Engineer: 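Starting off with a structure, shown below.
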2 protein chains.
Amino acid sequence: MRTAAALIIGNELLSGKIADANVVVLARALRSLGVVLRRVVMVLDEIDVIAEEVRTLSKTHDWLFTSGGVGPTHDDVTIDGVARAFGTHVVSEPSMESMLRTYYGEKLTEGHLLMARMPHGARLAASKSMPWPTVVMNNVWILPGVPEIFQAKIPLIAEELGADKPFISHAVFTTLDEGTIKPMLDRVVSEHPDVEVGSYPRWSAVEYRTKLTFDGRDAEKVRTARDAFAASLPEEAVVRVE
Amino acid sequence: MRTAAALIIGNELLSGKIADANVVVLARALRSLGVVLRRVVMVLDEIDVIAEEVRTLSKTHDWLFTSGGVGPTHDDVTIDGVARAFGTHVVSEPSMESMLRTYYGEKLTEGHLLMARMPHGARLAASKSMPWPTVVMNNVWILPGVPEIFQAKIPLIAEELGADKPFISHAVFTTLDEGTIKPMLDRVVSEHPDVEVGSYPRWSAVEYRTKLTFDGRDAEKVRTARDAFAASLPEEAVVRVE
């Protein structure tokens with residue numbers, strides 16, 4: 001099973017100035033590629049902390065995706081953190097420099113050129129639809145924090161990682177609460193070990209009180225678990241099966 | 001400086017089924033109490049992983065807040081994880097049991113009673129406005145994942161933690177990009193060491209291109225840094241000062 005982690009970087013997230021919007025986008029994309037996102041860590045703009053997390057998370061997962069801290073200002077320290085994690089230094093990448101010179105023309109400043117920085121030994125991933133490249137250092141994808149750009153990088157990631165057997169997901173919605181369905185649920189969980197079963201109560205419920213999810217890579221097994229659970233409930237308590 | 005961490009628990013978040021809504025709520029609340037949220041970790045419904053994170057994060061921060069995994073079903077393992085982190089076992093708390101018996105009456109099941117579980121040695125925090133108590137184990141607040149209920153716990157947290165000197169936040173909005181303002185920004189950052197300066201580019205900008213934030217506990221110093229920065233920009237490039 002291929003695994004991934006995400007490192008979300010930025011003081012603005014931990015101070016509550018803005019809400020992260022990238023985790024759910026990455027999580028959905030990885031899920032559809034059959035990659036398990038096992039851990040997300042959110043930290044401040046601190047080089048040492050970033051370096052330590054990158055070192056640990058990149059060792060323990062097939063891929064690590066970082067989000068944020070890649071601009072040219074003092075609080076953008078992700079490139080430095082990744083370089084430090086791998087015991088290397090930061091270089092200015094010639095082809096990115098040249099793109100910046102073309103783009104900014106005579107308005108170009110030293111500040112703009114900082115956007116060409118990358119850890120020594122990193123590679124650039126690019127696609128036709130996205131001319132500005134993405135820096136990849138070993139198994140670490142360094143992504144921007146701005147949600148629109150983060151999202152635009154997903155097709156490139158999908159292309160590079162390639163698809164594995166995707167996860168199949170089904171659901172049962174019931175009017176019963178978790179305490180009531182627990183015995184039926186426990187039985188399905190123990191009898192269908194290859195299916196991951198989730199139970200999500202709804203607070204301000206109008207239509208249903210609990211949503212049960214059934215996930216796995218074997219479509220037949222997932223459907224069988226879902227149907228077994230639905231059949232174990234009183235018929236009138238089943239609102240919907242998906 | 002008082003510090004906190006958050007541990008966000010749930011397969012549904014890492015699979016992208018739903019987007020977390022609790023981090024930003026907690027972050028804002030802590031900020032207003034003068035507490036620095038230093039780290040957020042998001043993990044799957046796995047007891048060992050939860051226990052390990054609780055052990056580490058509770059040692060290295062003044063408070064740890066967990067979110068999710070507190071219902072009665074098989075995927076609710078937070079109570080067990082916290083108990084394991086502190087080397088203790090889980091008990092059924094009599095006053096919560098009694099509330100559950102009253103609430104469910106003759107519909108009560110063994111499943112419902114599981115919601116009275118807590119780590120041995122934990123205490124209950126409650127307020128008049130919220131009769132159902134919150135379990136607190138040492139410095140770990142065990143909060144529910146359902147956003148409406150999570151949010152409803154915030155006043156109780158605020159009451160218990162008490163206010164420290166809050167953070168003051170100001171901002172400057174400019175039409176200039178980060179590369180262009182970098183020299184002015186670097187000067188303000190180095191001349192105002194007690195003020196935390198953030199720079200946030202906007203992608204689909206209509207009104208402004210970059211938002212600069214100035215944060216700190218000393219209102220006078222924060223305003224001075226903001227004004228020094230705004231004065232260093234060409235007047236027509238300043239869209240707004242907050």
Side-chain angles (χ1 to χ4, degrees), chain A residues 11-21 23-31 36-44 71-76 104 107 109-115 146 148-149 167 169 177-183 185-186 189 196-204 213 215, chain B residues 11-21 23-31 36-44 71-76 104 107 109-115 146 148-149 167 169 177-183 185-186 189 196-204 213 215:
Chain A
N11 292 359
E12 72 278 20
L13 299 163
L14 289 161
S15 63
K17 285 210 183 84
I18 63 162
D20 162 73
V23 168
V24 70
V25 169
L26 181 66
R28 276 181 197 154
L30 292 174
R31 190 81 175 173
V36 181
L37 179 61
R38 289 195 54 82
R39 178 182 295 255
V40 174
V41 181
M42 197 179 280
V43 296
L44 297 169
T73 59
H74 65 284
D75 56 351
D76 294 311
Y104 286 105
K107 287 190 176 164
T109 65
E110 287 298 313
H112 293 130
L113 284 177
L114 294 174
M115 288 185 280
V146 177
E148 295 94 324
I149 322 184
F167 286 88
S169 190
D177 67 34
E178 286 192 315
T180 307
I181 60 175
K182 185 169 167 59
L185 198 54
D186 284 346
V189 169
E196 185 195 310
V197 183
S199 174
Y200 306 107
R202 189 157 157 183
W203 185 240
S204 44
T213 60
D215 287 70
Chain B
N11 291 359
E12 71 279 21
L13 299 163
L14 289 161
S15 64
K17 285 208 183 86
I18 62 161
D20 161 73
V23 169
V24 71
V25 169
L26 181 67
R28 275 182 198 153
L30 292 173
R31 190 82 174 172
V36 181
L37 180 61
R38 289 195 53 82
R39 179 182 292 256
V40 175
V41 181
M42 197 181 279
V43 297
L44 297 169
T73 58
H74 66 285
D75 56 352
D76 293 311
Y104 287 105
K107 286 187 176 169
T109 65
E110 286 298 312
H112 293 131
L113 283 177
L114 294 174
M115 290 186 278
V146 176
E148 296 94 324
I149 320 184
F167 286 88
S169 189
D177 67 35
E178 287 192 316
T180 307
I181 60 176
K182 184 169 167 61
L185 198 55
D186 284 346
V189 169
E196 185 195 312
V197 183
S199 176
Y200 306 106
R202 187 156 157 184
W203 185 240
S204 44
T213 60
D215 287 72

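Every chain is numbered from 1, with letters handed out A, B, ... down the list of sequences. What you see is a predicted model, and the numbers here were worked out from it, not measured in a lab.
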Engineer: Where do A:Thr109 and B:Thr180 come nearest, in terms of heavy atoms and distance?
Structural biologist: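 Scanning both residues, the minimum pair turns out to be OG1-N, 4.1 Å.
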Engineer: Taking A:Ala19, A:Gly111, A:Ser15 one by one, which has the highest count of heavy-atom pairs under 4.5 Å against chain B?
Structural biologist: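 Top option by heavy-atom pairs under 4.5 Å: A:Ser15.
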Engineer: Could you tell me which residues satisfy side-chain contact (heavy atoms from CB on, under 4.5 Å) with A:Asp76, sequence neighbours excluded, listed by chain and number?
Structural biologist: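 In terms of side-chain contact (heavy atoms from CB on, under 4.5 Å), with neighbours along the sequence ignored, A:Asp76 is linked to A:Pro72, A:Thr73, B:Glu178.
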Engineer: In terms of heavy-atom pairs under 4.5 Å with chain B, which of A:Val189, A:Asp215, A:Ile149 leads?
Structural biologist: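 Of the candidates given, the most pairs with chain B belong to A:Ile149.
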Engineer: Where does B:Lys107 contact chain A at under 4.5 Å (heavy atoms): side chain, backbone, both or neither?
Structural biologist: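 Neither part, no heavy atoms under 4.5 Å.
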Engineer: Test side chain to side chain contact (heavy atoms under 4.5 Å, CB included) on B:Glu12 and A:Thr213 and set out the steps.
Structural biologist: CA-CA 9 Å; B:Glu12 71 279 21; A:Thr213 60; over 6 Å; no
Engineer: Show the nearest heavy-atom pair for residues B:His112 and A:Gly179, with the distance to one decimal.
Structural biologist: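 That would be CD2-CA, 3.4 Å.
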Engineer: If you count heavy-atom pairs under 4.5 Å between each of A:Leu14, A:Asp186, A:Asn11, A:Leu114 and chain B, which one has the most?
Structural biologist: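 Top count of heavy-atom pairs under 4.5 Å with chain B: A:Leu14.
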Engineer: Please identify, among A:Arg39, A:Arg28, A:Glu110, the residue contributing the most non-hydrogen atom pairs under 4.5 Å to chain B.
Structural biologist: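 Highest number of pairs under 4.5 Å: A:Arg39.
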Engineer: Side chain, backbone, both or neither: which part of A:Val197 has a non-hydrogen atom closer than 4.5 Å to chain B?
Structural biologist: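 Both backbone and side chain.
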Engineer: With chain A as the partner, which of B:Val40, B:Val146, B:Val23, B:Val24 has the greatest number of non-hydrogen pairs under 4.5 Å?
Structural biologist: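 Among the listed options, the one with the most contacts to chain A is B:Val40.
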Engineer: Taking side chain as everything from C-beta outward and backbone as N, CA, C, O, which of these in A:Phe167 sits under 4.5 Å from a heavy atom of chain B? Side chain, backbone, both or neither.
Structural biologist: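 Interface part for A:Phe167: neither.
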Engineer: Chain B heavy atoms under 4.5 Å from A:Leu44: which part of the residue, side chain, backbone, both or neither?
Structural biologist: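 Both backbone and side chain of A:Leu44 come within 4.5 Å of chain B.
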Engineer: Looking at every heavy atom in both A:Asp75 and B:Gly198, which two are closest together, and how far apart are they?
Structural biologist: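 Minimum heavy-atom separation between A:Asp75 and B:Gly198: OD2-CA, 3.4 Å.
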Engineer: For B:Ile18, is it the side chain, the backbone, both, or neither that has a heavy atom closer than 4.5 Å to a heavy atom of chain A?
Structural biologist: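 Backbone of B:Ile18 only, per the 4.5 Å heavy-atom cut-off to chain A.
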Engineer: Where does A:Asp177 contact chain B at under 4.5 Å (heavy atoms): side chain, backbone, both or neither?
Structural biologist: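 The side chain, not the backbone.
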Engineer: B:Leu13 versus chain A, heavy atoms under 4.5 Å apart: side chain, backbone, both or neither?
Structural biologist: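 Interface part for B:Leu13: backbone (N, CA, C, O).
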Engineer: Under 4.5 Å heavy-atom distance to chain B, tell me which part of A:Val43 shows up: side chain, backbone, both or neither.
Structural biologist: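 For A:Val43, backbone and side chain are both near chain B.
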Engineer: B:Pro201, B:Pro183, B:Gly16, B:Ala29: which one forms the most heavy-atom pairs within less than 4.5 Å of chain A?
Structural biologist: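 Going by pairs under 4.5 Å, I would pick B:Gly16.
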